Structure formats: structure tokens, C-alpha cells
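Report on the structure given below.
None of these values were measured; they are calculated from a predicted model. Both backbone and side-chain heavy atoms feed into the values below; hydrogens, waters and symmetry mates do not.
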Amino acid sequence: YDVNSYPTFLFLDAEGNRVHQTCGRKEATAFMKDGKDALVPETQLITFQRKYDKGGEMEFAFLKTYAEMLSNAGMNAAQIMDVLVSHHSATDLLNKEDFYLLSEFAELGNKPYGFIQQYREKYEGMVGATEYKNFIHGIYLSEATRTAKNKTPDEFDKAKEQVLISNIETSAELIAH
């Protein structure tokens, strides 16, 4: 069933096929909602996967819900977020709620990250300069950790260069760490 985190809750049909999945510790009401969603075909993760895999469903609300479902299931939603950013206008995504959604999936160089950087001033106005700076720091620290563990010294130098060109006031401080 491709379980990657603990706890993972699998909801199976009578044949043992996964129809829905969620992860993480939850309050009872949230867990009950997950169970109810698993009972209704229109709200099951498998239904969203099938609609997306058919290639026809690109509506903003659908992609946003599907990405959130994948994230809640402990599954990778990066591809869905790339499609969301690519296929929808900036006005759809320029709000505080979607800043947090995009930031959940942002990694150095991907489309959610690029979008957030492109609209830096607008997002800073929504969430505040400090919170925006903390978001950028988190992205760079995650990339630095990933790069230091898995990549060559040249790739690490390239990641450092990305930090410096970000125009974040504390870029040099990040590089020093």
C-alpha cells in the first residue's frame, strides 16, 4: 500500500483495494470526517486519482482539493501543485490561504517556489515580511540539508548561489550556516 509515514490510515473496499488514505495524529472529529469521506465515492482519494489520471480534470478547486488530499495521505503532491500553478492565473493563487498551500509544496526551483518568489511583495503584504523571510529560510535550509546529504560539491555550490541571488537580506547569514 506504499505507506511512508506513521500513523497511516488506509480505507479499503471489500476486495482490499485502497480507496482512501490519511496520515497523522488527528482529533476525533477530524478522523470521523476522514472516515465519512472514505465511505462516499465522490470524496474518496481513489476517485480524485482516477479523474486526474484520465487527464480531463484541471479545474482549480479540483486540483487544490486533490493536492490537499495527497498531502493529508502522506503522498507526494508536487506534480499536482506544478499543474495548478501552470494552468491557473495569479489571481487564483494570490491570497493568504494559497500562500500556505503553495509553501507546503515549495522546493528550491520548483513551480510553487517560483510563483511565490515572483509575487514576493504581494505575499509579504499578506503574511508579513518576517513570516515570508522565515518561509524562504526554511526552503534554503531544507535544500542545503538535502544537497549536503545527496549531491556533489558543485551542486551544493549551485544551491548556495541560489540563496545569494534570492535578495533575502540575510542570505549571507544562511550561507554561513
Side-chain angles (χ1 to χ4, degrees), residues 4-5 7-9 11 19-143 146 162-163 166-170 174:
N4 298 312
S5 58
T8 295
F9 301 98
F11 299 88
V19 296
H20 200 68
Q21 179 175 324
T22 62
C23 292
R25 185 173 176 222
K26 301 173 188 269
E27 296 294 326
T29 54
F31 185 69
M32 293 298 292
K33 182 189 177 314
D34 289 341
K36 287 178 183 177
D37 287 346
L39 293 172
V40 179
E42 293 79 25
T43 58
Q44 293 173 346
L45 177 61
I46 191 69
T47 301
F48 278 74
Q49 286 174 325
R50 287 177 180 153
K51 281 183 181 179
Y52 181 78
D53 289 345
K54 285 183 182 177
E57 189 64 69
M58 293 295 166
E59 186 219 337
F60 181 77
F62 172 84
L63 292 171
K64 186 175 169 181
T65 300
Y66 184 35
E68 290 169 343
M69 290 175 83
L70 288 170
S71 179
N72 289 335
M75 302 167 89
N76 188 340
Q79 176 188 7
I80 306 305
M81 291 305 296
D82 283 354
V83 170
L84 185 90
V85 170
S86 298
H87 287 81
H88 294 281
S89 72
T91 55
D92 289 334
L93 295 164
L94 285 174
N95 60 70
K96 194 173 185 176
E97 177 186 335
D98 289 330
F99 169 79
Y100 294 115
L101 177 68
L102 290 168
S103 65
E104 183 178 338
F105 300 101
E107 294 180 2
L108 191 62
N110 76 1
K111 289 182 182 182
Y113 171 79
F115 185 87
I116 290 171
Q117 280 289 74
Q118 180 179 353
Y119 294 99
R120 174 184 178 176
E121 289 181 12
K122 291 185 188 257
Y123 282 127
E124 279 183 337
M126 291 176 207
V127 300
T130 301
E131 188 162 347
Y132 186 88
K133 182 174 73 173
N134 289 340
F135 156 73
I136 294 297
H137 282 205
I139 293 293
Y140 289 125
L141 291 174
S142 293
E143 182 65 18
R146 232 185 344 269
Q162 287 290 317
V163 172
S166 70
N167 293 323
I168 297 294
E169 302 78 38
T170 55
L174 278 169

So, do H20 and T43 sit near enough that their side-chain heavy atoms are less than 4.5 Å apart?
no
Report the distance from atom CD of E104 to atom CG of D98, rounding to the nearest 0.5 Å.
11.5 Å
Flag the pair V40 / K36 as yes when at least one side-chain heavy-atom distance between them is below 4.5 Å, and no otherwise.
no
State, to 0.1 Å, how close A38 and V19 come at their nearest heavy-atom pair, and which atoms those are.
O-CG2, 4.2 Å
On a heavy-atom basis, the closest approach of A73 and L45 is CB-CD2, 4.0 Å
The reported gap from OH in Y123 to CG in L102 (rounded to nearest 0.5 angstrom) is 5.0 Å
For a ring pair (Phe, Tyr, Trp, His ring centres under 6.0 Å) check, start with the C-alpha distance between F99 and F135, then their side-chain angles and the critical distance, and finish with the verdict.
CA-CA 10 Å; F99 169 79; F135 156 73; 5.4 Å; yes
Indicate the ring-plane relationship of F62 and F48, choosing parallel, tilted or perpendicular according to the 30° and 60° boundaries.
parallel
Output yes when K64 and E97 qualify as a salt bridge under the 4.0 Å nitrogen-oxygen rule, no when they do not.
yes
Just how far is it from atom CD of E68 to atom OG1 of T65, taken to the nearest 0.5 Å?
6.0 Å
Return the orientation label for the F31 and F11 ring planes: parallel under 30°, perpendicular over 60°, tilted otherwise.
tilted
Tested for side-chain contact (heavy atoms from CB on, under 4.5 Å) against F115, the lone hit among N110, D82, V85 is V85
Main chain of L84, side chain of D92: is a donor-acceptor contact present, judged purely on distance under 3.5 Å?
no
For F60 and H87, run side chain to side chain contact (heavy atoms under 4.5 Å, CB included): C-alpha distance rounded to whole Å, both residues' side-chain angles, the deciding distance at 0.1 Å, then the answer.
CA-CA 8 Å; F60 181 77; H87 287 81; over 6 Å; no
Which distance, rounded to the nearest 0.5 Å, do you find between the OG1 of T47 and the CE of M69?
7.5 Å
Tell me whether H88 contacts the main-chain N or O of M58 through its side chain, where contact means a donor paired with an acceptor under 3.5 Å.
yes
Minimal non-hydrogen separation, P112 against A106, with atom names:
CB-CA, 4.1 Å
Rounded to the nearest 0.5 Å, what's the gap from NZ on K26 to CG on N72? Could you check?
5.0 Å
Derivation and outcome, side chain to side chain contact (heavy atoms under 4.5 Å, CB included), residues L101 and M81:
CA-CA 9 Å; L101 177 68; M81 291 305 296; 3.9 Å; yes
Closer than 3.5 angstrom, by distance alone: can the side chain of S103 be matched with the main-chain N or O of Y100 as a donor-acceptor pair?
yes
What do the steps show when you test V83 against Y52 for side chain to side chain contact (heavy atoms under 4.5 Å, CB included), and what is the final call?
CA-CA 11 Å; V83 170; Y52 181 78; 3.4 Å; yes
Spacing of OG1 belonging to T29 relative to CG belonging to D34, to within rounding of 0.5 Å
10.0 Å
Heavy-atom pair of closest approach, residues A77 and A67
CB-O, 3.7 Å
